[in-house]
A.B. asks: 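Structure in structure tokens, see below.
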There are 2 protein chains.
Amino acid sequence: MDRDQKDRDDEASAHERPTLKTLAFMTGLGVTTVSRALKDAPEIGAETRRRVQLVARQIGYRPNRAGVRLRTGKTNVISLVLNTEREIMSFVSDIIYGVSEVIADTPYHLIVTPYSRSQDPLDPVKYLVESGSADGVIISRTQPNDPRARYMLERGIPFATHGRTDMGLVHPYHDFDNYAFAAEAVRHLAGIGRRRLALVAPPVGLTYYGHTVNGFADALGETSASEVPFNTVSIDQSIDQIRTRTAQLMRRDVRPDGFVSSAAAATLAVVAGIEDAGLKLGRDVDVVSKQSSELLHLFRRELLVVNEDFRLAGTELARAVLGWIGGAAPGSLQTVVKPGDVVAYRG
Amino acid sequence: MDRDQKDRDDEASAHERPTLKTLAFMTGLGVTTVSRALKDAPEIGAETRRRVQLVARQIGYRPNRAGVRLRTGKTNVISLVLNTEREIMSFVSDIIYGVSEVIADTPYHLIVTPYSRSQDPLDPVKYLVESGSADGVIISRTQPNDPRARYMLERGIPFATHGRTDMGLVHPYHDFDNYAFAAEAVRHLAGIGRRRLALVAPPVGLTYYGHTVNGFADALGETSASEVPFNTVSIDQSIDQIRTRTAQLMRRDVRPDGFVSSAAAATLAVVAGIEDAGLKLGRDVDVVSKQSSELLHLFRRELLVVNEDFRLAGTELARAVLGWIGGAAPGSLQTVVKPGDVVAYRG
DNA sequence: TCAGTATACTGAAACGTTACAGATTGCCAA
DNA sequence: TTGGCAATCTGTAACGTTTCAGTATACTGA
């Protein structure tokens, strides 16, 4: 079978996916010209360019990802690395939606790379980098000294972290200002007369644990309120654990009359614990909690909430990685979002 | 630069990713032999095979996905097609975790393909098929006559649906038995003396809307209870809408004394509506609700719940697609999971 | 001895793309 | 007329893999 015969076959079999060769045959040009024309290269005549692009659009040409990837090494993939522990009211769907929204009109695909808590969090990142499976990576559960960030920085692969690091290295991130959140929560509680405050903290080890604890402590210092230590609890414990320990705490002589909680799920447990101890929200104790969906006010009207938008986190993180891939300076791709006001139930 | 020189370079630059050529050079064999040896082809000597596999393991060889994909057309990708409307307490993270769990020890990657409600749901599926971006697809929000399933069946691409279709076509699916759920819920409510029941139904148009409505109606027929129509509400409406309409309903003369709710988020709204009308859960009205996380009993102890496991849905759906890709008969990859008992708050 | 055959291996081609190094044409200045 | 140059276009090679069509060697049976 000679070359012309082959091309005619390509053309004839209407249900094969069109390739550059198909376009080349249809336009009477060479594949190189077609390739260059489609990406608006300067050395292609204006009319030729228009002609090629027209035909391409007509027959629904889409570049073969494998071909591009093999030739250029560009995967057109962003990977979101996720811990897969089952969590009540997980925010990962919001992040995914946010990321999706941003990459929707780009050639990028989003792949989800999971790891279980028993694994080293570095494993999935290593896999991605070594197997060259993605052009960019998004990680969460960021630590002050994060081996994953260090590793990717060494290997030169673009990434963004949900939460900041503290290693003196510069990379893109998006973060919620948890220092401000905790401080504002404390001020609000002090403002409504609460004097003994407990903190339901983020997981020890994550960067925003420190931010939250500091915001809590610093704001306490401005007021006449004091801290009731509650270090045995953090928001990644089970509902039952948090609930039990809250109930124990609330049965003690010196019990808190205010809580600051870093997550809505933990708040549900805390409230249950408070009620287990026979106390009443809004009367004996107030709770300020972060939430990512308008849920807590349905749960108990007395709750005081601050909203954190994880969909926004997703869009910002995606923008950051794409920005880095696109050549922007990593240092220019860092955002911190301020919390809104503490809001009480409105009618 | 001659061939040997080139190979030595490949070997020398220790940080390049090893390819079949690297392996061929190291073992002194041809690339073809190495390729065959790695996949246990029969015409390769036992010792050679072992030797190649040893070296491959030592240097951490991983087949280049783009190379494989270009040559064979196999993408090693499963796509999960998702509607990206912001939902309170979304279950998509559970499904993702379930799918991830199953594909973790396979070469498959999971890509998330989103579409917004304004789009035709067929669009993302068409894109996937036309661009050949996945070996298998998982879709949800399945309809009795589902154009996406029909389309993929025509194109011969393996897929699984979350929820059944009703087109006389056979394909893999996983479903929760919503008929049984609704029926069981009605029987339970009747059993505790409730006489006027309302249904908070799934979105009209989805297959499980029919299942739920039928289970509700059939079980009602067995009892002396009757239905209070509540057709203006379905679970994909906003919290505020459901809440308002529930409150309106509960202020009428003939109001329900029992609800069956197909989703936890809707249940929160229904309860709020009930309380807005000045009525009390457990005394004036009982609610049986599905939930996917142990959340509702923290919300109100009086709620009656039935659990639906979306992580299981994820694992079953993934198994189904992989099974079909692996050559199993589509008809053998259909599962329906029975609901557990209606459970009240336990101590 | 020799053809026949099983065993173990191999090079070349192809998948679709892009980068590189030309090739062709027309036009202009000298 | 000719050399030079800009403007367009083109073929070839390469990315890493698998498939195809072999080849070389040793063993078998008659």
A.B. asks: Applying the side chain to side chain contact (heavy atoms under 4.5 Å, CB included) test to B:Ile138, which of B:Val321, B:Leu110, B:Leu82 qualifies?
C.D. replies: B:Val321

A.B. asks: Please state whether the rings of A:Phe310 and A:Phe91 are parallel, tilted or perpendicular, taking 30° and 60° as the class boundaries.
C.D. replies: parallel

A.B. asks: Once rounded to the nearest 0.5 Å, what's the spacing between atom CD of B:Gln53 and atom CD of B:Gln58?
C.D. replies: 13.0 Å

A.B. asks: Once you build an axis from the first five pairs and another from the last five of the helix from C:dT1-D:dA30 to C:dA30-D:dT1, how far apart in angle are they, to 10 degrees?
C.D. replies: 60°

A.B. asks: If the threshold is 4.0 Å, N to carboxylate O, is there a salt bridge linking B:Asp146 and B:Arg148?
C.D. replies: yes

A.B. asks: Does the pair B:Arg62/A:Glu130 count as a salt bridge with the N-to-O cut at 4.0 Å?
C.D. replies: no

A.B. asks: To the nearest angstrom, how far is B:Phe25 atom CZ from C:dT10 atom P?
C.D. replies: 14 Å

A.B. asks: Think A:Thr19 has a side-chain N or O under 4.0 angstrom from the OP1 or OP2 of C:dC15?
C.D. replies: no

A.B. asks: Starting at NZ of B:Lys21 and ending at C1' of C:dA12, how long is that distance when rounded to a whole Å?
C.D. replies: 14 Å

A.B. asks: In whole Å, I'd like the distance from the CZ atom of B:Arg17 to the P atom of D:dG16.
C.D. replies: 8 Å

A.B. asks: Just the rounded figure in Å: distance from P of D:dT8 to CZ of A:Arg51.
C.D. replies: 14 Å

A.B. asks: Can B:Tyr97 and A:Val92 be said to form a side-chain contact (heavy atoms from CB on, under 4.5 Å), step by step?
C.D. replies: CA-CA 10 Å; B:Tyr97 294 156; A:Val92 321; 3.2 Å; yes

A.B. asks: I'd like to know if the side chain of A:Thr113 pairs up with that of A:Ser79 as donor and acceptor (distance under 3.5 Å, no hydrogens or angles considered).
C.D. replies: yes

A.B. asks: Do A:Arg69 and B:Asn64 make a side-chain contact, defined as non-hydrogen atoms from C-beta onward lying under 4.5 Å apart?
C.D. replies: no

A.B. asks: Write down the distance between CG (A:Leu23) and C1' (C:dT18), rounded to a whole number of angstrom.
C.D. replies: 15 Å

A.B. asks: Using heavy atoms and a sub-4.0 Å distance, could you list which residues of residues 28-45 of chain B are near DNA chain D? By number, please.
C.D. replies: B:Thr32, B:Ser35, B:Lys39

A.B. asks: Given atom CG of B:Leu20 and atom P of D:dA14, what is their separation to the nearest angstrom?
C.D. replies: 17 Å

A.B. asks: So which nucleotide from C:dT18, D:dT19, D:dC9 ends up closest to the side chain of B:Arg71?
C.D. replies: D:dT19

A.B. asks: May I ask you to say whether A:Asp175 pairs ionically with A:Arg164, meaning some side-chain N is under 4.0 Å from a carboxylate O?
C.D. replies: yes

A.B. asks: Report the distance from atom CG of A:Asn76 to atom C1' of C:dG16, rounded to the nearest whole Å.
C.D. replies: 14 Å

A.B. asks: Determine whether the side chains of A:His171 and A:Thr165 contain a donor N or O and an acceptor N or O closer than 3.5 Å.
C.D. replies: yes

A.B. asks: For DNA chain D, which residues in residues 62-70 of chain B have a heavy atom at a distance below 4.0 Å?
C.D. replies: B:Pro63, B:Asn64, B:Gly67, B:Val68

A.B. asks: Determine the interplanar angle of the A:His162 and A:His174 rings, folded into 0 to 90°, and report it as parallel if under 30°, tilted if 30 to 60°, perpendicular if over 60°.
C.D. replies: parallel

